[in-house]
Amino acid sequence: MRVVVSECLRGVPCRFDGGSKLDAAVCELCSRPGVEPIGVCPERAAGLPVPRLPAELLGERVLLSDGTDVTEEFEHGAASCLSSARCDASAPWDARGGLPPLAILKAKSPSCGSGVIYDGTHTHTLAEGDGVFARLLRREGVCVVSEDMVESCKPSVEHPVAIVLGTGLGHLAALVKPVRRIDYHDIEGFPRDARPVRGHSFEATIGTIDGVPVVVYPGRIHLYQGYSAEEVTALVRHAHRLGCRDIFFACATGAVPGNAHVGLGILTDQVNLTGQNPLAGSNLRDVETPFVGMTDAYTPYLRTLARGVADDLGITVEEGVFAGVMGPCFETPAEVAMLRGMDVSYTGFSTALEVILAHALGMNVLGMTLASNESGDPKMSHQSVLEAAERHADDFERLVRGVLRLL
Ligand code: SF4
């Protein structure tokens, strides 16, 4: 996977003060097999001297601390880095015109900063916004993140990756080199009387997959079994308390005809049609506020990594919006038509509430699905879901392992 990276994060002394901002997590990612870093420094590409006075973005203008306007230089440098990041053989189907899917850029800079940057007053005050280069890349459809995101997604023994598996996908648990097992019934908030449906198992495993610390939950309970929103999200709360910062959800779904095909999918967003919400009610624990913004609930960085892994390994995956429904009956033709009209690609009985809670807890979320049938297919059954899971088991396993190796 090709990744645009700020040169200063890789130790190049190109910053205004003549220094660098070497970042260990970014360097580690850049050294992973399959990762092709493209180092850029838009300010150096603009021909600006090093060292020089610091610059900040004030509205649309970039000003040095003595008031000199360097907007043109910054725009020129950004455009030049954009063209050097483009792949020579850009494929016509590539919406980004040959650009890499991911850029990891130095936080807060008037060129590279994304989300927050210094506010133009030269008083070390931050404001919402993107730097000149980050803005340009976003406009081209590139996922832009700072080094903070790479660091926050990096697993460790203290911060293992939680993986919650759905119907038929629990075999991934067999890959774990176990350190400890936890019976779900010992997990706070998990119902004592719950028994796994076929294709699920109720024993979490803490250990490693390919050396990456993980906690794998190879099964879940559902609203349609009569459990509450709080109960079906108990595993997420448990993972968060264990220290997990990344959480992968895998679920079996139906593909909405016209919007997605049967096979593997990466979830980009969701519509919660269950009528339930784990943040509703008075029994809120661990969550600071129930009034949580749900933009980017599926972490763009993780889904870009997953997409990149799939492309590199030749695994066919689509991307789309997920709709969580109560179940257990499958959709009527009228419901399928409604979902199609809502731009929904996948629909299923789990995941939506878990994603809400994980996002509210500040966790990084990756949603992956196996669409085993088309929604509304009269032949859809629990058995057909298990058979489809079996068929895609290899690709699913390669996808998950590939993403884990990149973190
Ligand atoms: Fe260059 Fe961007 Fe680093 Fe500034 S933040 S020194 S423009 S790479």
Side-chain angles (χ1 to χ4, degrees), residues 1-31 35-86 96 99-140 142-152 300-301 304:
M1 180 170 55
R2 298 167 71 239
V3 183
V4 176
V5 186
S6 291
E7 283 284 57
C8 59
L9 292 175
R10 299 205 298 161
V12 177
C14 51
R15 277 169 52 86
F16 73 92
D17 58 4
S20 71
K21 281 284 180 182
L22 184 72
D23 187 281
V26 173
C27 290
E28 224 179 302
L29 174 67
C30 291
S31 67
V35 175
E36 186 193 327
I38 301 164
V40 293
C41 176
E43 293 176 29
R44 199 176 51 181
L48 291 164
V50 177
R52 61 180 176 280
L53 292 173
E56 292 192 10
L57 193 53
L58 184 63
E60 292 302 306
R61 313 305 300 170
V62 188
L63 305 174
L64 296 183
S65 56
D66 66 357
T68 309
D69 190 324
V70 285
T71 310
E72 251 178 55
E73 287 88 336
F74 268 60
E75 286 174 350
H76 167 76
S80 150
C81 287
L82 184 76
S83 78
S84 68
R86 271 189 215 282
R96 295 180 307 275
L99 282 170
L102 178 66
I104 303 168
L105 303 183
K106 174 79 191 77
K108 301 171 195 164
S109 141
S111 281
C112 294
S114 57
V116 285
I117 51 173
Y118 288 113
D119 73 346
T121 60
H122 290 276
T123 56
H124 300 289
T125 312
L126 292 167
E128 279 186 18
D130 285 339
V132 177
F133 183 50
R135 203 186 292 169
L136 200 56
L137 286 175
R138 272 198 217 281
R139 236 182 270 143
E140 298 277 343
V142 177
C143 172
V144 181
V145 299
S146 75
E147 69 275 23
D148 301 341
M149 176 55 75
V150 180
E151 283 159 22
S152 108
Y301 172 63
T304 305

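Atoms within each ligand, like the ligands themselves, are counted from 1 in listed order. Just so you know, these numbers come straight off a predicted model, no measurement behind them.
- Residues meeting the salt bridge (charged side-chain N to carboxylate O under 4.0 Å, His left out) test with Glu147, sequence neighbours left out: Lys106.
- Distances shorter than 2.8 Å separate atom 2 (Fe) of ligand 1 from the protein N/O/S atoms Cys112 SG.
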Validation: residues 16-25 side-chain donor-acceptor distances under 3.5 Å, sequence neighbours left out:
| from | atom 1 | to | atom 2 | distance (Å) |
| --- | --- | --- | --- | --- |
| Asp17 | OD1 | Gly19 | N | 2.9 |
| Asp23 | OD1 | Ala25 | N | 3.1 |
| Asp23 | OD1 | Val26 | N | 3.0 |

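- Side chains of Thr123 and Thr125: a donor on one and an acceptor on the other come within 3.5 Å.
- Partners of Ser80 according to the side-chain contact (heavy atoms from CB on, under 4.5 Å) rule, which considers only residues two or more places apart in sequence or in another chain, are Ala45.
- With a 6.0 Å radius and a threshold of 12 heavy atoms from other residues, nucleotides or ligands, Glu72 has its CD atom at or below the threshold.
- A salt bridge between Lys108 and Glu56 is absent, with no side-chain N of the basic residue lying under 4.0 Å from a carboxylate O of the acidic one.
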